[in-house]
Amino acid sequence: MEFMALSMFAVACVFLITGFPVAFTLSGVALLFALLGMALGMFDYGFLLALPQRIYGTMRNEVLIAVPLFIFMGTMLERSRIAEDLLENMGLLFGKMRGGLGISVILVGALLAASTGIVGATVVTMGLLSLPTMLKNGYSPSLAAGSISAAGTLGQIIPPSIVLILLGDVIANAYQKAQLEMGIFAPDTVSVGELFAGALLPGLLLVGVYILYQFGLAFFRPDTSPAMQSTKHIGIQQIIKTLLPPIALIIAVLGSILTGITTPTEAAAIGAIGALLLAGERLHNGSKRVRLAALAFIGLIILANFFDLRMNIEMISLTNRLAIAAALLACGLIILGLGLSLRRTYQAGILREVMETTARITSMVFIILIGAALFSLVFRGLEGDVLVQELLVNLPGGAVTVMVIVMLIMFLLGFFLDFIEIIFVVVPIVAPILLQLGFDPVWLGVMMAINLQTSFLTPPFGFALFYLRGVAPEQVQTSAIYKGVIPFVFIQIIMLVMLALFPTMATWFPQFIFN
């Protein structure tokens, strides 16, 4: 049975590395080994009967509804060229100083990461928009490629990230399982909002260190990052018009989660509606109705925070009646603005592209989740989880050694597997073991997210490097891309070590906010 469990995992990895579709690999390999196990009398058919309940539980999981909404938000900002305007104007703002373009790339990468949360989308967008500009202004190809790749991977750690949403759901289930196995029958819970709060400070610190590196390189090696040669000037009005709306949207999404006003799913809906309103405003180049709808949207969030807007209660005070009336008026203005934005984005051909992209990526995520559920059921039916637990617990060196080994395995798997496969297949197996050893669930989730971020950036197999290679001009050699990301990889590793030595970097802020 131990041989069967290990063989199952190895066969799945081989098929995944060869490029076979992930969802069909996981489910196909699981069914194959389940049939083989039943034929040899090693596998109980009852494990397969639990699959419909698993799928039904996934369908009813409100946290996962945030995935398509955040994907819609990021794709809408990208397709409506709001991200392009953001990058261009940020470049004009910082480009006149040495290293300014590199700094603007890091800042815009952080903002796009907070709006899209998808590594591939951010790297491709930044590569298409900023790499030619950086090369044209005399930037070193390796520095330009390294800056874009590093900025693109910030989508792993800066909330609201798709990675953190999926990881938070898996960590929450693993935390409850770990407590039940420890005999705690009233288990604590951990939410996606806590994981967002835990990742915020390390993510912002990482952005700050990236910027310091750009400053240092511009000072000691000015030939690698010269000032931008442009006669264009950017005024205060243009800065406010271009930078303020997307920043305000991101703050509204994150702030509503961290302050407890909304759940991550409700905040994702806020982000999707806000992105649609921003797209409608940009396409019309200033629409009073859309702007009025945006102000009404902000007002509705404030009203929901300070007043009880329920209409089905017996006693409603005069103040709440007025607040409900104002909320209804705000809803009417929002519907009017949304209708206008939908019409404009549809006529521009943007809405169709955004909907198709959202549906495609969401379908991919959920079909992989179903395949991973079947894989984990068969793996546990073959007692693979017991085998992994025995192997890890019996390692010399205790909990620290177990943590290092797990992180190293995830780092190496990140060369060949996407984050979705790792989160749905590997994390459910190892996370309960680590949590039983006493590690904090929020800290563990942030460590895993940064570890995967580092893996996707590390040559020669990092996913971010492949994405950039696909859109980079021919004069940018692959060796230059590899050379440029190495300093950023070292920065990532230093961040991991600091987080391991000082866990409060990830745990203080969630405790401060939620407790």
Side-chain angles (χ1 to χ4, degrees), residues 77-113 115-116 119-155 207 210-235 238-239 241-243 246 282 457 459 462 464-489 491:
L77 291 177
E78 179 191 348
R79 293 289 194 275
S80 60
R81 301 183 68 179
I82 294 173
E84 183 177 343
D85 291 346
L86 190 65
L87 183 61
E88 180 181 349
N89 287 280
M90 193 74 81
L92 292 173
L93 185 63
F94 289 98
K96 296 301 178 65
M97 58 184 289
R98 286 178 180 175
L101 264 180
I103 293 169
S104 66
V105 164
I106 298 297
L107 290 174
V108 174
L111 292 174
L112 289 181
S115 61
T116 62
V119 171
T122 307
V123 172
V124 170
T125 302
M126 300 287 287
L128 289 172
L129 299 180
S130 61
L131 186 55
T133 304
M134 297 178 79
L135 296 176
K136 181 181 177 181
N137 284 274
Y139 266 68
S140 165
S142 59
L143 176 61
S147 302
I148 292 170
S149 300
T153 57
L154 290 170
V207 173
Y210 282 174
I211 292 174
L212 285 177
Y213 172 72
Q214 293 279 355
F215 268 123
L217 208 59
F219 182 78
F220 291 106
R221 295 182 59 191
D223 57 304
T224 61
S225 48
M228 184 177 178
Q229 302 298 322
S230 175
T231 57
K232 292 183 179 180
H233 296 280
I234 182 170
Q238 189 175 356
I239 293 174
K241 180 181 176 181
T242 307
L243 304 184
R282 186 196 179 280
L457 193 61
L465 310 181
F466 294 148
Y467 287 129
L468 185 61
R469 176 67 277 173
V471 298
E474 294 182 0
Q475 65 264 30
V476 179
Q477 299 179 353
T478 304
S479 58
I481 298 177
Y482 289 172
K483 180 182 176 183
V485 299
I486 289 174
F488 294 97
V489 171
I491 292 173

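This is a predicted model, so every value here is computed, not measured.
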With heavy-atom distances below 4.5 Å as the criterion, would you say the side chains of Ser142 and Ile481 are in contact?
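Counting from C-beta outward, Ser142 and Ile481 never come under 4.5 Å.
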For Arg469, give me all partners under salt bridge (charged side-chain N to carboxylate O under 4.0 Å, His left out), at least two apart in sequence or on another chain.
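Listed in chain order: nothing, the list is empty.
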Any donor-acceptor pair under 3.5 Å from Thr153 side chain to Ala150 backbone
yes
Would you confirm whether Tyr139, through its side chain, and Gly102, through its main-chain N or O, come within 3.5 Å as a donor-acceptor pair?
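It does hold such a pair.
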Heavy-atom pair with the smallest gap, counting every atom of [X] and [Y]:
{"X": "Val105", "Y": "Ala151", "value": "O-CB, 3.7 Å"}
{"X": "Pro141", "Y": "Leu135", "value": "CA-CD2, 3.8 Å"}
{"X": "Pro226", "Y": "Gly138", "value": "CD-O, 3.5 Å"}
{"X": "Ala472", "Y": "Val476", "value": "CB-CB, 4.4 Å"}

Test side chain to side chain contact (heavy atoms under 4.5 Å, CB included) on Leu131 and Leu468; report intermediate values, then the result.
CA-CA 10 Å; Leu131 186 55; Leu468 185 61; 4.3 Å; yes
How many angstroms lie between [atom1] in [X] and [atom2] in [Y], if you round to the nearest 0.5 Å?
{"X": "Tyr210", "Y": "Ser147", "atom1": "OH", "atom2": "OG", "result": "10.0 Å"}
{"X": "Ser149", "Y": "Leu154", "atom1": "OG", "atom2": "CG", "result": "11.0 Å"}
{"X": "Ile103", "Y": "Ile106", "atom1": "CD1", "atom2": "CD1", "result": "9.0 Å"}
{"X": "Leu143", "Y": "Arg221", "atom1": "CG", "atom2": "CZ", "result": "8.5 Å"}
{"X": "Thr224", "Y": "Arg98", "atom1": "OG1", "atom2": "CZ", "result": "10.0 Å"}
{"X": "Leu107", "Y": "Gln214", "atom1": "CG", "atom2": "CD", "result": "10.0 Å"}

Just to verify, what does Leu212 make a side-chain contact (heavy atoms from CB on, under 4.5 Å) with, not counting sequence neighbours?
none
